[in-house]
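Working notes, structure below.
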Amino acid sequence: MRYFAVILMFCTILATPGQARFSTPFSQQQTYPGQRPSSIPRQAQHVRRANQSRLNPVRPIPLPTTPAPRPDCAAVCVIDPYNGHVLYGYNASSRRQVASTQKIVTALCVCDTKDLDKLVTIQRSDRMAPPVHLRLPVGDKYTRRELLQAMLTGSFNDVALSLARDCGGTVENFVAQMNARARKMGMKNTHFKNPNGLPAAQYSTAYDMALAACYAYNNKTIRSMINIPAYEFRRNDGKIRIIRSTNRLLSTHPWVHGMKTGYTNLAGKCLISCAASNGRAVIVVVLGSTNRKIWGESLKYLRWALSNV
């Protein structure tokens, strides 16, 4: 009887979810096959990098022994995607526009469809999304996977509309799905009005976007896409466009692995960035910065968080 009691107790422990892990529907220990929607041509190979399984965080980041750097932006949140622990926050709960960084939630909702190989037919209404657009011809057909990679790499607003309309039936229905997804992820100070982050009566916070980034980081499809500094997009007419990531840190700092840029006049310059080292990972959300300061602002918090790793 004692033997069976020990076995029962062991099984109970295994079945109990660990409190140290970030609460996400995606496995923290998932395999990471390095899936790519398409290869990068020779002229872009100098920025190509391998997707590596070591990016899976296997233990939490220790709290840095040095004080956090002083912020020079509107809001900051530094979070550990392993367990959701906030290492530092500055105005992290202040509501503000977050521009194209909210395309991370768009990407999560697209992945929720479980059908990334479905063909999407481009419609005229998809093209009404200035100023950053891919300008795909009406009637062209691309898989959701191809469009998702293009959106995350080049931050194209028209591509976000195409995905939203296709996945939600209408853009309005898709935005409702985004808000439902946000509530499910615990984003209590967030409300979206569109899938691309263009100015509207919408808002989020640095902390809420950090939560969304944790879910995106633990989604192997999204993480393989945000880790690519350049992407070969092949149009239906056979022409190829090299889409370079709007996140310049991917090309200049190999230890940075994504995640998403954003900019509008209302939001200022925004960047969600992630990095990993020795089995630990960190995500930094910087909102309301400037073109000149955003990259250094993100780097100083990434370096601070990983200083003891």
Side-chain angles (χ1 to χ4, degrees), residues 22-27 37 81 84 95-123 125-129 132-134 136 141-153 155-205 207-226 258-260 262 264 267 270 272 285:
F22 182 72
S23 177
T24 168
F26 301 99
S27 170
R95 292 179 176 181
R96 54 182 298 110
Q97 303 241 339
V98 297
S100 285
T101 61
Q102 71 188 55
K103 289 187 175 93
I104 287 176
V105 181
T106 301
L108 286 166
C109 290
V110 172
C111 288
D112 286 344
T113 66
K114 309 295 184 182
D115 189 7
L116 296 185
D117 295 317
K118 179 182 180 294
L119 286 175
V120 179
T121 302
I122 304 301
Q123 295 185 6
S125 60
D126 302 338
R127 295 164 60 93
M128 308 300 175
V132 181
H133 35 216
L134 192 53
L136 296 174
K141 295 183 179 182
Y142 303 93
T143 66
R144 288 174 176 170
R145 189 184 306 276
E146 292 172 313
L147 294 177
L148 184 60
Q149 178 71 77
M151 181 191 74
L152 289 173
T153 304
S155 198
F156 299 113
N157 295 320
D158 54 346
V159 174
L161 286 183
S162 297
L163 286 166
R165 174 189 50 76
D166 178 74
C167 295
T170 67
V171 173
E172 292 74 19
N173 286 345
F174 185 85
V175 172
Q177 294 173 13
M178 290 176 64
N179 287 317
R181 185 64 146 91
R183 290 192 296 272
K184 181 179 178 181
M185 294 187 291
M187 300 170 68
K188 298 179 180 179
N189 287 295
T190 294
H191 183 71
F192 298 121
K193 283 289 188 177
N194 60 48
N196 48 32
L198 289 175
Q202 58 186 351
Y203 55 84
S204 188
T205 69
Y207 174 67
D208 279 9
M209 291 309 301
L211 288 178
C214 285
Y215 281 87
Y217 190 85
N218 286 289
N219 181 314
K220 64 181 181 180
T221 298
I222 294 176
R223 197 167 73 211
S224 69
M225 291 181 175
I226 61 173
M259 167 177 300
K260 189 69 194 72
T264 65
C270 304
I272 300 177
V285 179

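- Applying the 6.0 Å contact sphere to OH of Tyr207 captures no more than 12 heavy atoms from other residues, nucleotides or ligands.
- In this structure a side-chain-to-backbone donor-acceptor pair under 3.5 Å is missing from Thr153 to Ala150.
- A donor-acceptor contact shorter than 3.5 Å links the side chain of Asp158 to the backbone of Leu134.
- Side-chain atoms of Gln202 come within 3.5 Å of backbone N or O of Lys193 as a donor-acceptor pair.
- Ion pairing between Asp117 and Arg144 fails under the 4.0 Å rule for side-chain N and carboxylate O.
- Of the possible polar contacts, none joining the Glu172 side chain to the Gly168 backbone as a donor-acceptor pair under 3.5 Å is found.
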Show, in sequence, the C-alpha distance, side-chain angles and deciding distance for Tyr217 and Met259, and conclude whether the side chain to side chain contact (heavy atoms under 4.5 Å, CB included) test is met.
CA-CA 8 Å; Tyr217 190 85; Met259 167 177 300; 3.9 Å; yes
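- In this structure, Cys214 and Asn218 approach most closely via the heavy-atom pair O-ND2, 2.8 Å.
- To the nearest 0.5 Å, atoms CG (Leu148) and SG (Cys167) are separated by 8.5 Å.
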So Ser100 and Asn157, side chain to side chain contact (heavy atoms under 4.5 Å, CB included) or not? Walk me through it.
CA-CA 8 Å; Ser100 285; Asn157 295 320; 4.0 Å; yes
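- Considering every non-hydrogen atom in both Ala160 and Lys103, the closest pair reads CB-CE, 4.2 Å.
- Across all non-hydrogen atoms, the minimal contact from Val159 to Met151 is CG1-CB, 3.9 Å.
- Considering OG1 of Thr113 and CG of Asp166, their distance stands at 8.0 Å, rounded to 0.5 Å.
- When all heavy atoms of Leu116 and Cys111 are compared, the closest pair comes out as CD2-CA, 4.2 Å.
- By the 6.0 Å contact criterion, NZ on Lys141 is open, its count of non-hydrogen atoms from other residues, nucleotides or ligands being 12 or less.
- Defined by atom type and a distance below 3.5 Å, a donor-acceptor pair is present between the side-chain atoms of Ser155 and Lys260.
- Under the 3.5 Å distance criterion, the side-chain polar atoms of Glu146 are matched with a main-chain donor or acceptor of Thr143.
- Residues passing the ring-ring contact (aromatic ring centres under 6.0 Å, His included) test with Tyr142, sequence neighbours excluded: Phe233.
- Between the side chain of Asn173 and the backbone N or O of Gly169, no donor-acceptor pair lies under 3.5 Å.
- Contact of the Met225 side chain with the Arg145 side chain is registered, since non-hydrogen atoms from C-beta on lie closer than 4.5 Å.
- Under a 3.5 Å cut-off, the side chain of Thr106 and the backbone N or O of Pro195 do form a donor-acceptor pair.
- Pairing each heavy atom of Leu198 with each of Asn194, the nearest pair is O-ND2, 2.9 Å.
- Atoms CG and OG, from Leu147 and Ser162 in turn, are 6.0 Å apart once rounded to the nearest 0.5 Å.
- Minimum heavy-atom separation, Ala267 to Cys270: O-SG, 3.8 Å.
- No side-chain N or O of Gln102 forms a donor-acceptor pair with one of Gln97 less than 3.5 Å apart.
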Could you go through Val98 and Met209, starting from their C-alpha distance and side-chain angles, then the distance that decides it, and tell me whether this counts as side chain to side chain contact (heavy atoms under 4.5 Å, CB included)?
CA-CA 8 Å; Val98 297; Met209 291 309 301; 4.0 Å; yes
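- Annotation: side-chain contact (heavy atoms from CB on, under 4.5 Å) contacts of Asn189 (sequence neighbours excluded): Arg95, Thr205, Asp208.
- A distance of 12.5 Å separates CD in Gln177 from CG in Leu108, rounded to the nearest 0.5 Å.
- For Arg96, there are no side chain to side chain donor-acceptor pair (under 3.5 Å) partners, not counting sequence neighbours.
- Side-chain atoms of Phe174 and Arg165, non-hydrogen and from C-beta on, never get closer than 4.5 Å to each other.
- Although no hydrogens or angles enter the test, the distance criterion places a donor-acceptor pair under 3.5 Å between the side chain of Arg127 and the main chain of Leu136.
- A distance of 14.0 Å separates NZ of Lys184 from CG of Leu211, quoted to the nearest 0.5 Å.
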